[in-house]
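First the proteins, then the strands, lettered A, B, ... as listed; each starts at 1.
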Number of protein chains: 2
Amino acid sequence: MGIKKIKNEINIFLPEGAEESLCGCGGVKGLKALLPKDSDIEALGVIHHALADKKRIKILCMLSIQPLCVCIIRAVLEISDSRLSYHLSILKKSGLISGEQKGTWITYSLTDKGKEWLDSGINSVFVK
Amino acid sequence: MGIKKIKNEINIFLPEGAEESLCGCGGVKGLKALLPKDSDIEALGVIHHALADKKRIKILCMLSIQPLCVCIIRAVLEISDSRLSYHLSILKKSGLISGEQKGTWITYSLTDKGKEWLDSGINSVFVK
DNA sequence: TTCTTATTTCAAATTTTTTTGAAACAATTC
DNA sequence: GAATTGTTTCAAAAAAATTTGAAATAAGAA
(Lines give C-alpha, C1' and ligand atoms only; values in the text may rest on other atoms or scores of the structure.)
Protein backbone atom coordinates (compact mmCIF):
# COMPACT_ATOMS: atom_id res chain seq x y z
CA MET A 1 0.00 0.00 0.00
CA GLY A 2 1.46 3.25 -1.13
CA ILE A 3 4.59 1.48 -2.27
CA LYS A 4 5.23 1.23 -5.97
CA LYS A 5 7.32 -1.56 -7.38
CA ILE A 6 9.44 -0.60 -10.31
CA LYS A 7 11.72 -2.84 -12.32
CA ASN A 8 14.98 -0.98 -12.82
CA GLU A 9 18.49 -1.23 -14.26
CA ILE A 10 19.59 -4.06 -12.02
CA ASN A 11 16.23 -5.79 -12.22
CA ILE A 12 15.24 -5.46 -8.59
CA PHE A 13 12.13 -3.88 -7.15
CA LEU A 14 12.54 -0.75 -5.10
CA PRO A 15 10.50 1.24 -2.60
CA GLU A 16 8.75 4.30 -3.97
CA GLY A 17 11.06 7.26 -4.29
CA ALA A 18 14.16 5.10 -4.18
CA GLU A 19 14.65 4.94 -7.91
CA GLU A 20 14.40 8.67 -8.43
CA SER A 21 16.95 9.45 -5.72
CA LEU A 22 19.13 6.66 -6.98
CA CYS A 23 19.02 8.21 -10.44
CA GLY A 24 20.17 11.46 -8.83
CA CYS A 25 23.50 9.84 -8.06
CA GLY A 26 23.76 7.79 -11.22
CA GLY A 27 22.12 4.56 -10.11
CA VAL A 28 24.06 1.56 -8.89
CA LYS A 29 26.84 2.30 -11.35
CA GLY A 30 26.97 5.88 -10.13
CA LEU A 31 27.15 4.75 -6.52
CA LYS A 32 30.02 2.43 -7.30
CA ALA A 33 31.84 5.27 -9.00
CA LEU A 34 31.29 7.62 -6.08
CA LEU A 35 33.04 5.32 -3.61
CA PRO A 36 36.59 6.27 -2.64
CA LYS A 37 39.25 4.44 -4.57
CA ASP A 38 40.25 1.05 -3.29
CA SER A 39 43.66 2.09 -2.02
CA ASP A 40 42.03 4.71 0.20
CA ILE A 41 39.51 2.23 1.54
CA GLU A 42 42.36 -0.16 2.17
CA ALA A 43 44.38 2.50 4.02
CA LEU A 44 41.41 3.37 6.16
CA GLY A 45 40.86 -0.29 6.93
CA VAL A 46 44.44 -0.72 8.09
CA ILE A 47 44.17 2.17 10.54
CA HIS A 48 40.83 1.02 11.86
CA HIS A 49 42.07 -2.51 12.26
CA ALA A 50 45.13 -1.25 14.11
CA LEU A 51 42.87 0.39 16.68
CA ALA A 52 40.25 -2.35 16.83
CA ASP A 53 41.89 -3.68 19.96
CA LYS A 54 41.80 -2.18 23.45
CA LYS A 55 45.44 -2.84 24.21
CA ARG A 56 46.49 -1.07 21.04
CA ILE A 57 44.26 1.90 21.79
CA LYS A 58 45.86 2.12 25.21
CA ILE A 59 49.30 2.09 23.65
CA LEU A 60 48.33 4.94 21.35
CA CYS A 61 46.97 6.92 24.30
CA MET A 62 50.11 6.30 26.34
CA LEU A 63 52.33 7.47 23.55
CA SER A 64 50.26 10.61 23.18
CA ILE A 65 51.44 11.51 26.69
CA GLN A 66 55.10 10.93 25.85
CA PRO A 67 57.40 8.60 23.93
CA LEU A 68 58.02 5.42 25.89
CA CYS A 69 60.29 2.43 25.75
CA VAL A 70 58.85 -1.06 25.43
CA CYS A 71 59.58 -2.02 29.01
CA ILE A 72 57.46 0.82 30.36
CA ILE A 73 54.55 0.11 28.04
CA ARG A 74 54.84 -3.48 29.18
CA ALA A 75 54.70 -2.43 32.84
CA VAL A 76 51.57 -0.36 32.26
CA LEU A 77 49.75 -2.96 30.18
CA GLU A 78 50.95 -5.98 32.16
CA ILE A 79 51.22 -8.34 29.21
CA SER A 80 54.02 -10.59 27.98
CA ASP A 81 56.90 -9.30 25.88
CA SER A 82 56.00 -11.20 22.75
CA ARG A 83 52.36 -10.24 23.02
CA LEU A 84 53.30 -6.59 23.34
CA SER A 85 55.71 -6.91 20.48
CA TYR A 86 52.96 -8.29 18.31
CA HIS A 87 50.68 -5.35 19.05
CA LEU A 88 53.45 -2.83 18.56
CA SER A 89 54.19 -4.36 15.18
CA ILE A 90 50.60 -3.88 14.05
CA LEU A 91 50.58 -0.26 15.16
CA LYS A 92 53.94 0.26 13.50
CA LYS A 93 52.77 -1.27 10.21
CA SER A 94 49.73 1.00 10.26
CA GLY A 95 52.03 4.00 10.44
CA LEU A 96 50.47 5.32 13.65
CA ILE A 97 53.62 4.83 15.72
CA SER A 98 57.32 4.42 15.08
CA GLY A 99 60.19 3.00 17.09
CA GLU A 100 63.69 4.34 17.54
CA GLN A 101 66.53 2.35 19.01
CA LYS A 102 68.29 3.99 21.96
CA GLY A 103 71.03 1.72 23.15
CA THR A 104 69.52 -1.56 24.22
CA TRP A 105 66.09 0.01 24.33
CA ILE A 106 63.57 0.91 21.68
CA THR A 107 61.55 4.02 22.28
CA TYR A 108 58.20 4.27 20.56
CA SER A 109 56.41 7.49 19.72
CA LEU A 110 53.35 8.63 17.82
CA THR A 111 53.92 9.54 14.20
CA ASP A 112 52.26 12.64 12.76
CA LYS A 113 49.62 10.33 11.35
CA GLY A 114 49.07 8.89 14.81
CA LYS A 115 48.73 12.34 16.34
CA GLU A 116 46.28 13.46 13.66
CA TRP A 117 44.16 10.37 14.07
CA LEU A 118 44.04 10.82 17.81
CA ASP A 119 43.15 14.50 17.46
CA SER A 120 40.48 14.08 14.82
CA GLY A 121 38.60 10.94 15.63
CA ILE A 122 39.16 10.03 19.18
CA ASN A 123 37.81 13.20 20.71
CA SER A 124 34.50 12.73 18.99
CA VAL A 125 34.01 9.69 21.20
CA PHE A 126 35.59 10.84 24.46
CA VAL A 127 33.96 14.23 24.65
CA LYS A 128 30.56 12.73 25.25
CA MET B 1 77.79 4.06 26.20
CA GLY B 2 76.40 7.30 27.47
CA ILE B 3 73.35 5.44 28.72
CA LYS B 4 72.81 5.27 32.46
CA LYS B 5 71.01 2.35 33.99
CA ILE B 6 68.83 3.21 36.93
CA LYS B 7 66.78 0.84 39.07
CA ASN B 8 63.36 2.42 39.56
CA GLU B 9 59.92 1.92 41.05
CA ILE B 10 59.03 -1.12 38.99
CA ASN B 11 62.53 -2.53 39.23
CA ILE B 12 63.45 -2.30 35.58
CA PHE B 13 66.38 -0.50 34.00
CA LEU B 14 65.66 2.51 31.83
CA PRO B 15 67.47 4.58 29.24
CA GLU B 16 68.93 7.85 30.45
CA GLY B 17 66.33 10.58 30.70
CA ALA B 18 63.47 8.13 30.73
CA GLU B 19 63.03 8.08 34.46
CA GLU B 20 62.93 11.87 34.81
CA SER B 21 60.31 12.26 32.10
CA LEU B 22 58.38 9.33 33.50
CA CYS B 23 58.39 11.04 36.88
CA GLY B 24 56.93 14.08 35.17
CA CYS B 25 53.75 12.15 34.50
CA GLY B 26 53.71 10.21 37.75
CA GLY B 27 55.65 7.11 36.75
CA VAL B 28 53.99 3.90 35.66
CA LYS B 29 51.16 4.48 38.13
CA GLY B 30 50.69 7.96 36.76
CA LEU B 31 50.60 6.68 33.20
CA LYS B 32 47.95 4.14 34.08
CA ALA B 33 45.88 6.86 35.69
CA LEU B 34 46.21 9.12 32.65
CA LEU B 35 44.67 6.56 30.30
CA PRO B 36 41.03 7.15 29.30
CA LYS B 37 38.57 5.17 31.32
CA ASP B 38 37.86 1.65 30.20
CA SER B 39 34.37 2.32 28.88
CA ASP B 40 35.75 5.00 26.55
CA ILE B 41 38.48 2.70 25.31
CA GLU B 42 35.86 0.04 24.79
CA ALA B 43 33.61 2.42 22.83
CA LEU B 44 36.49 3.48 20.65
CA GLY B 45 37.36 -0.15 20.04
CA VAL B 46 33.85 -0.95 18.90
CA ILE B 47 33.85 1.83 16.32
CA HIS B 48 37.29 0.94 15.05
CA HIS B 49 36.38 -2.70 14.83
CA ALA B 50 33.22 -1.81 12.91
CA LEU B 51 35.33 -0.09 10.28
CA ALA B 52 38.18 -2.57 10.26
CA ASP B 53 36.70 -4.19 7.17
CA LYS B 54 36.68 -2.83 3.62
CA LYS B 55 33.10 -3.86 2.87
CA ARG B 56 31.89 -2.05 5.96
CA ILE B 57 33.84 1.07 5.09
CA LYS B 58 32.23 1.00 1.66
CA ILE B 59 28.79 0.71 3.22
CA LEU B 60 29.49 3.72 5.40
CA CYS B 61 30.69 5.70 2.38
CA MET B 62 27.62 4.72 0.33
CA LEU B 63 25.28 5.79 3.09
CA SER B 64 27.06 9.12 3.33
CA ILE B 65 25.81 9.75 -0.22
CA GLN B 66 22.23 8.87 0.63
CA PRO B 67 20.14 6.41 2.64
CA LEU B 68 19.84 3.11 0.81
CA CYS B 69 17.85 -0.06 1.05
CA VAL B 70 19.59 -3.40 1.52
CA CYS B 71 18.99 -4.57 -2.02
CA ILE B 72 20.85 -1.60 -3.47
CA ILE B 73 23.79 -1.93 -1.11
CA ARG B 74 23.83 -5.57 -2.11
CA ALA B 75 23.92 -4.67 -5.81
CA VAL B 76 26.83 -2.28 -5.31
CA LEU B 77 28.86 -4.60 -3.11
CA GLU B 78 28.00 -7.79 -4.97
CA ILE B 79 27.90 -10.04 -1.92
CA SER B 80 25.30 -12.49 -0.62
CA ASP B 81 22.30 -11.40 1.41
CA SER B 82 23.36 -13.07 4.63
CA ARG B 83 26.91 -11.81 4.32
CA LEU B 84 25.65 -8.28 3.86
CA SER B 85 23.25 -8.70 6.72
CA TYR B 86 26.12 -9.73 8.96
CA HIS B 87 28.13 -6.62 8.10
CA LEU B 88 25.11 -4.37 8.48
CA SER B 89 24.50 -5.82 11.93
CA ILE B 90 28.02 -4.97 13.05
CA LEU B 91 27.71 -1.41 11.79
CA LYS B 92 24.31 -1.14 13.43
CA LYS B 93 25.61 -2.41 16.78
CA SER B 94 28.41 0.13 16.65
CA GLY B 95 25.84 2.89 16.33
CA LEU B 96 27.27 4.23 13.08
CA ILE B 97 24.21 3.35 11.01
CA SER B 98 20.55 2.61 11.65
CA GLY B 99 17.83 0.86 9.69
CA GLU B 100 14.21 1.85 9.17
CA GLN B 101 11.57 -0.45 7.77
CA LYS B 102 9.70 0.90 4.74
CA GLY B 103 7.19 -1.65 3.63
CA THR B 104 9.00 -4.82 2.71
CA TRP B 105 12.29 -2.96 2.54
CA ILE B 106 14.69 -1.72 5.17
CA THR B 107 16.42 1.53 4.47
CA TYR B 108 19.72 2.17 6.18
CA SER B 109 21.20 5.58 6.90
CA LEU B 110 24.13 7.07 8.76
CA THR B 111 23.45 8.05 12.35
CA ASP B 112 24.81 11.36 13.66
CA LYS B 113 27.64 9.37 15.17
CA GLY B 114 28.34 7.87 11.77
CA LYS B 115 28.37 11.26 10.11
CA GLU B 116 30.68 12.70 12.75
CA TRP B 117 33.09 9.84 12.46
CA LEU B 118 33.18 10.15 8.71
CA ASP B 119 33.72 13.91 8.92
CA SER B 120 36.38 13.87 11.58
CA GLY B 121 38.59 10.92 10.96
CA ILE B 122 38.14 9.71 7.48
CA ASN B 123 39.13 12.88 5.71
CA SER B 124 42.50 12.88 7.41
CA VAL B 125 43.29 9.81 5.32
CA PHE B 126 41.59 10.67 2.04
CA VAL B 127 42.86 14.21 1.71
CA LYS B 128 46.41 13.04 1.15
C1' DT C 1 84.77 -12.97 24.52
C1' DT C 2 81.06 -14.19 27.51
C1' DC C 3 77.12 -12.66 30.03
C1' DT C 4 73.04 -9.99 30.69
C1' DT C 5 69.16 -7.37 29.33
C1' DA C 6 65.69 -5.61 25.88
C1' DT C 7 63.21 -6.80 22.20
C1' DT C 8 61.66 -9.40 18.24
C1' DT C 9 60.60 -13.54 15.60
C1' DC C 10 58.68 -18.05 14.91
C1' DA C 11 55.53 -21.90 14.93
C1' DA C 12 51.89 -24.13 17.29
C1' DA C 13 47.68 -23.65 19.93
C1' DT C 14 43.73 -20.94 20.80
C1' DT C 15 40.26 -17.66 20.03
C1' DT C 16 37.64 -14.65 17.22
C1' DT C 17 35.73 -13.21 13.03
C1' DT C 18 33.83 -14.04 8.65
C1' DT C 19 31.56 -16.76 5.15
C1' DT C 20 28.12 -20.03 3.57
C1' DG C 21 23.73 -22.01 2.78
C1' DA C 22 19.50 -23.31 4.73
C1' DA C 23 15.70 -21.98 7.32
C1' DA C 24 12.91 -18.46 9.53
C1' DC C 25 10.43 -14.14 9.57
C1' DA C 26 7.91 -10.17 8.03
C1' DA C 27 5.40 -7.32 4.79
C1' DT C 28 2.76 -7.60 0.48
C1' DT C 29 0.36 -9.18 -3.24
C1' DC C 30 -2.66 -12.59 -5.43
C1' DG D 1 -5.24 -18.13 2.98
C1' DA D 2 -1.11 -19.25 -0.27
C1' DA D 3 2.64 -17.43 -2.76
C1' DT D 4 6.29 -13.94 -3.31
C1' DT D 5 9.92 -10.83 -2.12
C1' DG D 6 13.28 -8.64 1.08
C1' DT D 7 15.78 -9.35 4.98
C1' DT D 8 17.52 -11.61 9.08
C1' DT D 9 18.95 -15.54 11.90
C1' DC D 10 21.26 -19.78 12.77
C1' DA D 11 24.74 -23.30 12.94
C1' DA D 12 28.60 -25.30 10.70
C1' DA D 13 32.79 -24.51 8.01
C1' DA D 14 36.53 -21.63 6.80
C1' DA D 15 39.64 -18.00 7.44
C1' DA D 16 42.01 -14.67 10.10
C1' DA D 17 43.73 -12.69 14.33
C1' DT D 18 45.71 -13.36 18.79
C1' DT D 19 48.22 -15.65 22.46
C1' DT D 20 51.88 -18.53 24.11
C1' DG D 21 56.42 -20.01 25.04
C1' DA D 22 60.77 -20.99 23.17
C1' DA D 23 64.44 -19.45 20.43
C1' DA D 24 66.87 -15.78 17.96
C1' DT D 25 68.90 -11.17 17.70
C1' DA D 26 71.05 -7.04 19.07
C1' DA D 27 73.39 -3.85 22.18
C1' DG D 28 76.16 -3.21 26.01
C1' DA D 29 78.67 -4.37 30.15
C1' DA D 30 81.99 -7.30 32.44
ask   = What is the distance, rounded to the nearest whole Å, between atom CD1 of A:Ile106 and atom C1' of D:dA27?
value = 10 Å

inquiry  = For B:Asp112, give me all partners under side-chain contact (heavy atoms from CB on, under 4.5 Å), at least two apart in sequence or on another chain.
reply    = B:Lys115

query = Over how many whole Å does the gap from B:Lys93 atom NZ to C:dT16 atom C1' extend?
reply = 13 Å

remark   = Given protein heavy atoms under 4.0 Å, the one-letter contact record of nucleotides 15-22 of chain D, with B base, S sugar-phosphate only and - none, is simply --SBBBBB

note = Sequence neighbours excluded, the answer for side-chain contact (heavy atoms from CB on, under 4.5 Å) partners of A:Ser64 is A:Leu110, A:Leu118

inquiry  = If we ignore hydrogens and angles and just use 3.5 Å, is the side chain of B:Lys32 paired with the main-chain N or O of A:Leu77 as donor and acceptor?
reply    = no

query = Among the nucleotides C:dT5, C:dT9, D:dT7, which one has an atom lying closest to any side-chain atom of A:Ser85?
reply = C:dT9

request  = Could you list the residues that satisfy side-chain hydrogen bond (donor to acceptor under 3.5 Å, both in side chains) with A:His49, not counting sequence neighbours?
outcome  = none

Dump the pairs, protein N or O against N or O of nucleotides 11-13 of chain C, anything under 3.5 Å, distances to one decimal.
none

request  = Under the salt bridge (Lys or Arg N to Asp or Glu O under 4.0 Å) rule, collect the residues that match up with A:Lys58, sequence neighbours excluded.
outcome  = B:Asp38

task = Could you list the residues that satisfy side-chain hydrogen bond (donor to acceptor under 3.5 Å, both in side chains) with A:Glu42, not counting sequence neighbours?
result = B:Lys54

message = Test question: given the 4.5 Å side-chain rule for I, L, V, M, F, W and Y, name all other residues clustered with A:Ile90, or answer none.
response = A:Tyr86

key: B:Glu100 CD to C:dA27 C1', straight-line distance once rounded to whole Å   = 15 Å

task = Grab the CD1-C1' distance between B:Ile79 and C:dT20 for me, whole Å please.
result = 12 Å

ask   = So, the side chain of B:Arg56 versus the backbone of B:Leu51: is there a donor-acceptor pair under 3.5 Å, distance only?
value = no

query = Rounded to whole angstroms, how far apart are CG on A:Leu84 and P on C:dT7?
reply = 9 Å

request  = Looking only at side-chain atoms of B:Val70, point me to the closest of D:dT8, C:dT8, C:dA6.
outcome  = D:dT8

query = Taking atom P of D:dA27 as reference, at what distance in whole Å does atom CD of A:Gln101 sit?
reply = 6 Å

For atom CD1 of A:Ile73 and atom P of C:dA6, their distance in whole Å = 14 Å

query = Expressed in angstrom and rounded to an integer, what is the separation of B:Leu68 atom CG from D:dT7 atom C1'?
reply = 16 Å

request  = Compare the minimum distances between each of D:dT8, C:dA6, C:dT8 and the side chain of A:Lys92, then state the nucleotide with the smallest one.
outcome  = C:dT8

inquiry  = I'd like to check the side-chain contact (heavy atoms from CB on, under 4.5 Å) partners of B:Ser85; sequence neighbours left out, ordered by chain and number.
reply    = none

